[in-house]
Amino acid sequence: MAQVKLTVTVASQEKLAENIYSMWIDAEPVAAQAKAGQFVSVYSGDGSRLLPRPISLCETDKEKGRIRLVYRVAGAGTEEFSRYQAGDPISILGPLGNGFPLEGMTGKRAFLIGGGIGIPPMLQLAKELDCEKQAVLGYRDGELFLKNQFEPYTSVYVATEDGSQGTKGNVMDAVWENGLKADVIFACGPAPMLRAVKAYALEQGILCYLSLEERMACGIGACLACVCQSKEVDPHSNVHNKRICKDGPVFRAEEVEL
């Protein structure tokens, strides 16, 4: 699948929660190719910031030729993006990485587990995945961004760290409290959450796919800045590493060490 670097146009932007923003972008060449679980690299308009910011695809509207990015403001680059308005130009490269596998899921029960800014890529997956789905979403507090947008596609269970909504605790606490069962797991979120999900999947003998979050540089696998430890030897680097941007960001849970 070809990656396309182009300057496109912001269609709309809104604030969803504290430091969480949603941006729709008119990017027909990217939307036409994009799959759930992929990401784009977004370039700053400030020439002093050379490296792009990787942001996962939250939704894809192939009919309108648009992609949706939901991201957290975490530094100067993403703060710049949060100030963009409809009509502003923005440079992106994508779609990048390997997405979630969708084949062979008919008749299975799936967990879609998202934590924090790992929640957005689960939304497009919820729309595309053809099976019984249960979304388990973990938040810091009661600002449940995107929750209501999952509800047309899947049952939704929530965990909050402060206990203000749903289960008090983390996503695995919500799984246990609600007695949820699944045949396959798709998960994206911070490393501690993914470690817990992987341990649960191994213990229960459940097929599990993890989407890893990591700081990236080139976004195409050339610089080796975003490697993770793997069980297999990477033919590119000849060591036990996987390049998250190129080989991932989605991996079988047993492929990677967290």
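On a predicted model such as this, the values are computed, not experimentally measured, just so you know.
In this structure, the separation between CG on L6 and CD1 on I92 is 5.0 Å, given to the nearest 0.5 Å. With rounding to the nearest 0.5 angstrom, the CD atom of Q85 is 11.5 Å from the OG atom of S12. Between atom CD of residue E28 and atom CZ of residue R66 there is a gap of 12.5 Å, rounded to the nearest 0.5 Å. How far CD1 of I25 is from CD1 of I55: 7.5 Å, rounded to the nearest 0.5 Å. The line from CD1 of I20 to OG of S82 is 11.0 Å long, rounded to the nearest 0.5 Å. Taking OG of S211 as the start and CG of L194 as the end, the distance is 8.0 Å to the nearest 0.5 Å.
You'll find the side chain of T78 stays beyond 4.5 Å of the side chain of V42, heavy atoms only. Side-chain atoms of Y200 and I206, non-hydrogen and from C-beta on, do get closer than 4.5 Å to each other. In this structure the side chain of K198 never reaches within 4.5 angstrom of the side chain of C208, judged on heavy atoms. Side-chain contact between L69 and F81 is absent, with no heavy-atom pair separated by less than 4.5 Å. Side-chain contact check for L125 versus K133: every heavy-atom pair is 4.5 Å or farther apart. Residues V40 and L93 have side chains not in contact (no heavy-atom distance under 4.5 Å, counting atoms from C-beta outward). Between L207 and D183 there is no side-chain heavy-atom pair separated by less than 4.5 Å. Inter-residue side-chain proximity for D141 and T160 is flagged as unmet; no heavy-atom pair is nearer than 4.5 Å.
Partners of K108 according to the salt bridge (Lys or Arg N to Asp or Glu O under 4.0 Å) rule, which considers only residues two or more places apart in sequence or in another chain, do not exist here. Judged as a salt bridge (Lys or Arg N to Asp or Glu O under 4.0 Å), and not counting sequence neighbours, the contacts of E80 are R49. Contacts of K147 classified as salt bridge (Lys or Arg N to Asp or Glu O under 4.0 Å), with partners at least two apart in sequence or in another chain: E151.
For the residue pair D61 and A31, the shortest heavy atom distance occurs at O-CB, 4.2 Å. Contact detail for M193 and G114: the closest heavy-atom pair is SD-C, 4.1 Å. L102 and E128 get closest at one heavy-atom pair: CD1-OE1, 3.1 Å. Counting all heavy atoms, side chain and backbone alike, P249 lies closest to G97 at CD-CA, 3.9 Å. When all heavy atoms of D26 and A11 are compared, the pair lying nearest together is OD2-CB, 3.8 Å. Taking every heavy atom of both residues into account, P190 and G115 meet most closely at CD-O, 3.6 Å.
Between the side chains of D46 and S44, no donor N or O sits under 3.5 Å from an acceptor N or O.
At least one donor-acceptor pair under 3.5 Å links the side chain of N170 to the backbone N or O of M172. Proximity of a side-chain donor or acceptor of Q134 to a complementary backbone N or O of F111 within less than 3.5 Å is not detected. With S91 contributing its side chain and Y43 its backbone, the two residues share no donor-acceptor pair below 3.5 Å. Checked by atom type and distance alone, the side chain of E143 pairs as donor or acceptor with a backbone atom of E18 at under 3.5 Å. When atom types are taken as modelled, the side chain of S41 and the backbone of P52 share no donor-acceptor pair closer than 3.5 angstrom. Put simply, the side chain of T167 never gets that close to the backbone of G169: no donor and acceptor are under 3.5 Å apart. Proximity of a side-chain donor or acceptor of R72 to a complementary backbone N or O of V70 within less than 3.5 Å is not detected. Checked by atom type and distance alone, the side chain of Q38 pairs as donor or acceptor with a backbone atom of K35 at under 3.5 Å. In this structure a side-chain-to-backbone donor-acceptor pair under 3.5 Å is present from Q13 to Y84. Panel note: side chain Q33, backbone G94; no donor-acceptor pair is recorded below 3.5 Å.
Cluster membership for I67 and W24, using ILVMFWY side-chain heavy atoms within less than 4.5 angstrom, is not shared. Grouping the Ile, Leu, Val, Met, Phe, Trp and Tyr side chains by contacts below 4.5 angstrom, directly or via other members, places L180 with V197. Hydrophobic clustering, with ILVMFWY side chains joined whenever heavy atoms are under 4.5 angstrom apart, groups F145 together with L112.
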Let me see the working for V73 and Y21 under side-chain contact (heavy atoms from CB on, under 4.5 Å), right down to the final yes or no. CA-CA 8 Å; V73 173; Y21 288 81; 3.6 Å; yes

Would you please test T154 and L129 for side-chain contact (heavy atoms from CB on, under 4.5 Å) and show each step? CA-CA 10 Å; T154 174; L129 196 60; over 6 Å; no

Test side-chain contact (heavy atoms from CB on, under 4.5 Å) on E14 and L16; report intermediate values, then the result. CA-CA 6 Å; E14 64 176 317; L16 301 182; 3.8 Å; yes

Pair F251-L210, side-chain contact (heavy atoms from CB on, under 4.5 Å): steps then yes or no: CA-CA 5 Å; F251 297 96; L210 306 177; 5.5 Å; no

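In the displayed structure, K181 atom NZ is contacted under 6.0 Å by at most 12 heavy atoms of other residues, nucleotides or ligands. Surrounding NZ of K62 are more than 12 heavy atoms belonging to other residues, nucleotides or ligands, all under 6.0 Å away.
Between Y209 and F186, the ring planes lie parallel to each other; the angle is under 30°, not in the 30° to 60° tilted range.
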